[in-house]
Structures are given as C-alpha cells and as structure tokens.
**Q** 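Structure in structure tokens, see below.
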Amino acid sequence: MSSRPEERIRELRDLIHYHNTRYYGLDDPEISDAEFDRLMRELVELEQRFPEFVTADSPTQRIGGAPLEAFPPALHTVPMLSLENALSEEELLAFDQRTRRALGSEEEIDYVCEPKLDGLAVELVYIDGLFTLGSTRGDGYTGEEITRNLRTIKSIPLKLNNAPPGRLEVRGEVILGIREFETLNRERQERGESLFANPRNAAAGSLRQLDALITAGRPLAIFCYGIGQAEALPFTTHAEMLESFRSMGLRVNPLIERVRGAGAVLAYHRAMGERRGQLPYEIDGIVVKVDRVSQQEELGARSRSPRWAIAFKFPARQEVTRVLNIQVQVGRTGTLTPVAILQPVQVGGVSVSRATLHNQDEIDRKDIRIGDWVVVQRAGDVIPEIVKVVESRRTGDERPFLLPEACPVCGSHTVRPEDEAARRCINLSCPAQVKERIFHFASKRAMDIDGLGEKLVDQLVENGLVRDVADLYALTRAQLAGLERMAEKSAANIIAAIEASRSRPLERLLFALGIRHVGEHVARLLIEAFGTMERLMSAHSEELMQVHEIGPQVAESVTDFFTTPENGRVIERLRQAGVEMAPSRAQRGDLFAGKTLVLTGTLSSYTREEAEKLILALGGRPASSVSSKTSYVIAGEAAGSKLDKARALGIPVLTEAEFKEMIKA
Ligand code: IVH
C-alpha cells in the first residue's frame, strides 16, 4: 500500500474499478460488499482532502452538477434500428427459412438467443476506453444526450478494461428490477405521488430526469447486447463480441445462449417463457440474432430493422374479458376501493378474475360499466388492471357504476376529502377497517405474527375477541383453541408468535400501526429522527417536517393519528402489554461487540468522553493507540499520526458522519 495520497488515490481507483468489473462484468466478485464499501469510503475521504487528484473516471464522480434545463440532442452515427416481431412458432420458422434461403445455406444457422429486456435502449460512447457520452435511442437517428444520468448507473463502467483505441459505441438496455419497481411505487404512494404503470415506464421516467440526483436514487441497471461504430474491436461472431464486452467489464446477460438451428431457438423460447415469472426483471420475449458477422452483413437491413435478427415475443399479457360486477372493498384506512369482478381469463399464464379500479375518477375516466368488455393487462407482479373498454362490443345493457355514499360494511356515511380521489368510511370501529388494520399489524413486514392470517383475523373480530391491535396481546390459548377449526397446537403456536412480536424493531411497530402515508420507508425515517415512540408522539408538525423527505401531508397524518385519543389509548395498552417502544439494549448494545475503536482528531458533535461512553454503551472498547487489532479508527478534524498509522495498517477509517450513521438506533 502506498503512502502518498496521489498514489493511494490512483491505487484505490484501480482497485475499485477492478472489483466493479468482477462484480458487474464477470458476475464473480472477489471481495465482500463491506470490503468494497471500505475502499470506496477511503477514496471519498482522500479525494475530499486532496481534490486536486480527482479524475473524471473516478468511481466517486458518478453524480454531480446542477439540474439541466433540457437534454441536448445526440446523433447516432450508426442508426439504432428496431426489430421485426415474430408472434408464433410459425413466424419464427418462417424467419429461419428466409434467412437460410437468403444465405443459400444448406446447413442449420448458428443463432444467439437473448432475453428481450423490457427497458429502454441506450448507447454508450467510449473513447479510448473512457465513458464519454450516453444517449437514448430516440427515433433511431437522434436521441437525447443523458450522459450524466447514465453515469449514475453502477453497472455502467466509467472506464473499460483493455479497451480498443478510438471510438467504441456500445448498445444495451437500461432496466429497473421488479422488486425495485415495487419499492419505488410503494414509496411514491406513501408520498401521495402518481404511480408508474410498469417497470419499463419507471426506468424511462428515471432516466429522463433533468436532475441526475433523482436518477442516482433509482436502482437502474444495464445489460449490453449490441454495437454501433467500433473502430478497432475485432470479432467475427456476435458471441465473440459479447465475450469481449464481458472482458472489458461491460455487463452482459448471463442467460444468453448460442444455439444451432430453429428447433433449438424454439426450445430456448419455451425455456425462457417458463423462467419468465422467476426473473428479477421483466422480459417480453427473446431476441434471436444470426451469430456470424459475415452472414449478418450479407443479410443486411430493411429501413427500420435488420434482416439478421428478430424479436420472438411471448404471448401478450393483455386479454379481453367481461366485467361481471363491481364490488367495493374497505381498506384499513377506510378507503373505499372499487374492484372489477371479471369473467376469469388467462393472462400470461395466470388466471385473472379481479382488477383494481382505484377510485371513482378512474372509473369515470375510462368509462367502465358493469357488463363491459374490457382489455386487462398484467405488468410484472403488479395487480391486474383494466386498460380500456372495447366500445364496439357495447350493447346498451351496460350499467354505469357509482361508489356508494354509505360504507358497504358498516353502513356509516362516507366522505370524500376535497383534495383526494378516494372516498372513505370514517368510522374507526368499522369491522372492515378493524380487520384490515389487524391483518396489516400482524403481516410479515410489520409485526410478523406467524399464523395470524386473514381467516383467523375474521374469526377473532367476528367473535368479539379482538377490537383493536392491543387486544391481540390479551388473547389466551383457551380463547384461540375455542375457535372453529383451531387445534390446540396451532393455538399455542400463535400465542408464541404474538409473544415474540413484542420485541420487533420500533420502525416496524410504527409501520404496523397503519398510519396513513406512513409506509416502511417513512417509518424508518421517523424512528431514525425521533428515536422513541414517546418523542415521536409528542412531535409537532413543524418538527416532523424538519426530517428530510417528510412533507406536510405525512406530518399532518402522523399528528392526526397521535392526537386521536383512541389511538393514544391503544398505544398505551400496547406498552402495558410489554410491546417495546424504545430501541432495546439488544438492538443497540451489540453494534460494536468485540470491537476496538480509536478516536483521533476533534469531533464536532461529541466530546471525547461522550464518544467513548457511546462506544462502551454499544459494546465496544475505546482505545488510545492504533494497532493491528484496532477495528475502526474514527477520524475527526485535524486527525494526525493515528490516521496515518491506520492507513498504513489498512484499518477501516470512519468519518464522523459515517460513525453517526452507524450508531443510529
Ligand atoms: S438488439 C438491431 N437485443 O428491443 C438490433 N434489442 O424491438 C436491435 N431489446 O430497441 C436491438 N432486449 O430496446 C436487442 N437482447 C436485446 C434486446 C433488445 C431488448 C429492445 C431494444 C430495441 C427493441 C427492438
């Protein structure tokens, strides 16, 4: 390890670059994520102290600059073509026949089969191995220059390994995973923002942000599959090209296969169709490409698509069916949600018999009536939805639908707040709401009470055993065993699960309470900021809004919740039942167990004694000198020789900010 900052910065840059390639390009990491983070942290810190040594290809330079006014146009030197589609096995076989005829080939053709990713096509321009410019496909000839946004995507290397000299244009698909998409939408819902219809739209929306900071917050990824201009990259087959992509550190989809003949293509298509549901990202078919470049050249292109490749799509995830009825569900916050009951239909291999209609505005906008024929679609694992009505099939017997004024479950009057699309039942003891609240409280991501499913919650509420979540902790085994279809053993298991839920982390309890606009993410933010339930309960709107990302809507909802006397009583009863309301010793006390920490320099938030007490409280041992046994060095302002020694010994160094981040409850 070198001691001069400039050299160490270069060394770290190279190391990080190398490990990035192992991770993204080769899918074969050599070090743990934690070790990687440590290298990155050291680089960030060194660059902060010696900004004169920061280079454009440094891995720390993925984000930067003020938001743009607009995206400049970017010309594609080689047009980015589109693909012809094959929608059936016959059409694929016809493509193979055509190809063989055009090549005059007696033999089977070598093809490369790739998943057809449902994202956004982009071009990355590398000059002498450095990522210089990136753009969207646009109309194929001119796209938009989105270099800064693309730089934030971690699987796009800023520098290639052993790159050919000159210009290299790499093409690929930027995607957002299904889970990432769902998380993003959940967070947007919490903040009352509009939702993305599918991962593709979310990826496109994220890439086309004028403020690259927003893109950086979205976990986008890339797979590379094609090339534009390539001055000095030699390859004779598509498979070879992908291989050289991999060795340069570009990410290539691991499911790509080289096959011989149309029969093998059909088999690949079937196999991918079966795997489709398990993949972490959306694919809508496969892309079949003639492998040999000489054959590609011989086949050439039409105006919009090459003759040497075809997209072999999966059956559409859209189908036409009939709306048999519209029912109304009441959620845990009292929201009335209209749900279309459909004549069951297979959509992309799954039987669909219900679709959410969101709210009255949505029904009006799409003019959906009972009896209508409609187009339904499924995107990812998302709930099916109605795309549009098939108006040509209307007979005049269809019945328009209006959400009821009275709650369909308890009969109470419902209201529609002026600024909201939803109508709600405001009777807190409406059985529908009670059931939903309890079900949510017990759910996996909340208090995780195993065995307390929908059916049991129904029974508990209908038998008058449970009226609110605090009642759960007063349940006895005998009461449970007395319920229909409940064995002694399961009763005992459920009581044990309820017991165990008393010590869930505080943010889970907060999320479990089901406060409007407080999802998992917001719950975490609030607990991080306030520490205990008590402090959160007494916080005013203004204090809440001081927390980054918390706006007036969330703040109002939280204060409304806690100032409602019934809610206060439920929380008090939870506390008396032994549900933890402050971070437990166990949650905090073992953070630094068995670790030795050395403080150096001046910290701005703590005196040395306070910091040492904190370390002790968290199970660690504060020490005064650095040795190979030191676990961390915490470096404040003007840190001196201890810091140098830590570096020399390769001991992880934390800045004050990082230390604070670590010790958060
Ligand atoms: S190759 C000339 N390979 O599909 C070759 N495209 O319908 C053109 N796509 O615009 C593209 N996965 O956005 C290729 N493995 C893959 C692909 C793929 C998805 C998209 C791409 C393209 C569209 C064409």
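For this chain, numbers begin at 1 and follow the sequence in order. Remember, it's 1-based here, ligands and their atoms both numbered in the order they're listed.
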**Q** On a heavy-atom basis, which atom in S303 and which in Y141 lie closest, and how many Å separate them?
**A**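 Of all heavy-atom pairs spanning S303 and Y141, the closest is O-OH, 3.9 Å.
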
**Q** On the ring face of F223, is R251 found with NZ or CZ under 6.0 Å from the centre and within 45° of the axis?
**A** yes

**Q** Just to confirm my output: which protein heavy-atom neighbour is closest to atom 3 (N) of ligand 1, and how far is it?
**A**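 For atom 3 (N) of ligand 1, the nearest protein heavy atom comes out as K289 NZ, 3.0 Å.
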
**Q** Please compare N253, L81, L83 and report which has the shortest non-hydrogen distance to atom 24 (C) of ligand 1.
**A** L83

**Q** What part of M80, side chain from CB on, backbone N/CA/C/O, both or neither, has a heavy atom under 4.0 Å from ligand 1?
**A** neither

**Q** Quick one: do the T337 and T335 side chains pair a donor with an acceptor below 3.5 Å?
**A**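 No, T335 and T337 have no side-chain donor paired with an acceptor closer than 3.5 Å.
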
**Q** Is a side-chain donor-acceptor pair under 3.5 Å present for T147 with E145?
**A**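 Short answer, yes.
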
**Q** Just need the protein heavy atom nearest to atom 4 (O) of ligand 1, so name the residue and atom and give the distance.
**A** K116 NZ, 3.2 Å

**Q** Please identify each residue that fulfils side-chain contact (heavy atoms from CB on, under 4.5 Å) with V387, with sequence neighbours left out.
**A**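 Applying side-chain contact (heavy atoms from CB on, under 4.5 Å) to V387 gives Q318, V375, Q377.
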
**Q** May I ask you to check whether L117 has an N/O atom sitting below 3.5 Å from an N/O atom of ligand 1?
**A**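 Checking ligand 1 against L117, an N or O pair does fall under 3.5 Å apart.
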
**Q** Fit a plane to each ring of F131 and Y126, take the angle between them on a 0 to 90° scale, and name the class: parallel (under 30°), tilted (30 to 60°) or perpendicular (over 60°).
**A** tilted

**Q** After noting the C-alpha distance and the side-chain angles of H238 and V293, does the key distance pass the side-chain contact (heavy atoms from CB on, under 4.5 Å) rule?
**A** CA-CA 7 Å; H238 184 71; V293 174; 5.9 Å; no

**Q** Below a 4.0 angstrom heavy-atom separation, can you tell me which part of R137, side chain or backbone, both or neither, approaches ligand 1?
**A** side chain

**Q** Report the part of E173 in contact with ligand 1, treating N, CA, C, O as backbone and CB onward as side chain, heavy atoms under 4.0 Å; options are side chain, backbone, both, neither.
**A** side chain

**Q** Is the closest N or O pair between E114 and ligand 1 shorter than 3.5 Å?
**A** yes

**Q** Show which atoms of ligand 1 fall inside a sub-4.0 Å distance from at least one heavy-atom site of P115.
**A** 12 (N), 15 (N)

**Q** Any donor-acceptor pair under 3.5 Å linking the side-chain atoms of E30 with those of Y18?
**A**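 Side-chain D/A pair, Y18 to E30: present.
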
**Q** Give the residue and atom name of whichever protein heavy atom lies nearest to atom 22 (C) of ligand 1, and the separation in Å to one decimal.
**A**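 Nearest protein contact, heavy atoms only, for atom 22 (C) of ligand 1 is Y225 OH, 4.3 Å.
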
**Q** I'd like to check whether W308 has a polar contact with ligand 1, where a contact means an N/O of the residue lying under 3.5 Å from an N/O of the ligand.
**A**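 Between W308 and ligand 1, no N or O pair is found under 3.5 Å apart.
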
**Q** Provide the number and element of each atom of ligand 1 under 4.0 Å from a heavy atom of P306.
**A** 2 (C)

